[in-house]
A.B. asks: 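Here it is: the structure, laid out below.
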Amino acid sequence: MNSQEALYKVPVPSTSFEGDAHLCANVIRFQYYRDGVLYRSGIRFAAMPATRTRAERCCRVWHLEAYDTLVEVEGSSWVEEVRADMQERWRGKWQMHHYMIYLDSAGCFEVIADSWEAIPEEPGAWE
C-alpha cells in the first residue's frame with residue numbers, strides 16, 4: 001500500500017459542513033457555519049490532468065485514513081498510469097502529485113495536480 005503524507009486539515013470537521021463538499025472545476029468547495037456565520041473555503045489545484053471520486057459506500061479503510069485531511073499519496077501507480085497515457089510533449093511539463101481527501105457524506109476525492117493551495121475562508125456561500 002502507498003504511504004500518505006498529511007498536508008492540510010479542513011478548518012472544521014466535515015461532519016459540520018453545510019451541505020456536501022463537491023469538486024467544481026479545479027476546486028473542492030465546502031461551506032460551514034461558525035458562530036452563526038456561514039463561511040466558504042476550499043482547496044484549489046493547479047495543472048490538474050486527472051480526478052476521481054468515490055462515494056462513501058465505495059471507500060476502503062485506506063481512503064478513510066485521509067479523513068478531513070488532504071494527503072499526498074507517495075509512490076502512486078495512478079500518477080505513473082496517467083503520465084504514460086499523456087502525449088510525450090506534455091509528460092515533463094508539470095509535476096504530477098496524487099492528492100486525496102475524504103470528506104464526510106461526500107466520499108473521497110483524488111486529484112493528480114502540479115500543486116494545491118488552501119482557499120482562505122470568507123463569509124458567504126459559494127455561488
A.B. asks: Do the non-hydrogen side-chain atoms of E18 and Y32 ever get within less than 4.5 Å of each other?
C.D. replies: no
A.B. asks: Judged by atom type as modelled, is there a donor-acceptor pair below 3.5 Å linking the side chain of W90 to the main-chain atoms of R83?
C.D. replies: no
A.B. asks: Determine the interplanar angle of the F17 and F30 rings, folded into 0 to 90°, and report it as parallel if under 30°, tilted if 30 to 60°, perpendicular if over 60°.
C.D. replies: parallel
A.B. asks: Determine whether Y102 and E65 make a side-chain contact, defined as any pair of heavy atoms from C-beta on separated by less than 4.5 Å.
C.D. replies: no
A.B. asks: Quick check: closest heavy atoms across S41 and P11, and the distance to 0.1 Å?
C.D. replies: OG-CG, 4.4 Å
A.B. asks: Is there a path of hydrophobic side-chain contacts, each under 4.5 Å between heavy atoms, that joins I101 and W126?
C.D. replies: no
A.B. asks: I need the E127 CD to R29 CZ distance, nearest 0.5 Å.
C.D. replies: 8.5 Å
A.B. asks: Please say yes or no: joined through hydrophobic side-chain contacts below 4.5 Å, possibly via intermediate residues, are Y8 and L103 part of one cluster?
C.D. replies: yes
A.B. asks: Search all heavy atoms of P123 against all heavy atoms of V37 and return the closest pair with its distance.
C.D. replies: CB-CG1, 4.3 Å
A.B. asks: Here's a test for you: under side chain to side chain contact (heavy atoms under 4.5 Å, CB included), which of D114, V79, I112, D85 qualifies with P49?
C.D. replies: I112
A.B. asks: Is V73 close to W62 at the side-chain level, that is, under 4.5 Å between some pair of heavy atoms?
C.D. replies: yes
A.B. asks: If we only count heavy atoms from C-beta on, is the E5 to L7 side-chain gap below 4.5 Å?
C.D. replies: yes
A.B. asks: Check whether any side-chain N or O of T53 sits under 3.5 Å from a backbone N or O of F109 as a donor-acceptor pair, and report yes or no.
C.D. replies: no
A.B. asks: Less than 4.5 Å apart, any side-chain heavy atom of M86 and any of M96?
C.D. replies: yes
A.B. asks: Shortest non-hydrogen contact from A113 to Y99?
C.D. replies: O-CE1, 3.8 Å
A.B. asks: Look only at the side chain of R44 and the backbone of V27, and say whether a donor-acceptor pair between them is shorter than 3.5 Å.
C.D. replies: no
A.B. asks: Find out whether D104 and Y67 are in side-chain contact, i.e. whether some heavy atom of one side chain is under 4.5 Å from a heavy atom of the other.
C.D. replies: yes
A.B. asks: What is the distance from atom OG of S76 to atom CD of E110, rounded to the nearest 0.5 Å?
C.D. replies: 8.0 Å
A.B. asks: Any heavy-atom pair between the side chains of S115 and Q95 that's under 4.5 Å?
C.D. replies: no
A.B. asks: Look up atom NE2 in H22 and atom CD in Q31, then write down how far apart they are to the nearest 0.5 Å.
C.D. replies: 8.0 Å
A.B. asks: I'd like to check I28 versus W116 (side-chain heavy atoms, cut-off strictly below 4.5 Å). Are they in contact?
C.D. replies: no
A.B. asks: Taking atom NZ as the centre, does K9 end up with more than 12 heavy-atom neighbours from other residues, nucleotides or ligands that are less than 6.0 angstrom away?
C.D. replies: yes
A.B. asks: Can you name the one residue among T69, L70, D68 that meets side chain to side chain contact (heavy atoms under 4.5 Å, CB included) with V10?
C.D. replies: D68
A.B. asks: Which heavy atom of H63 sits nearest to which heavy atom of C108, and what is that distance?
C.D. replies: CD2-SG, 3.7 Å
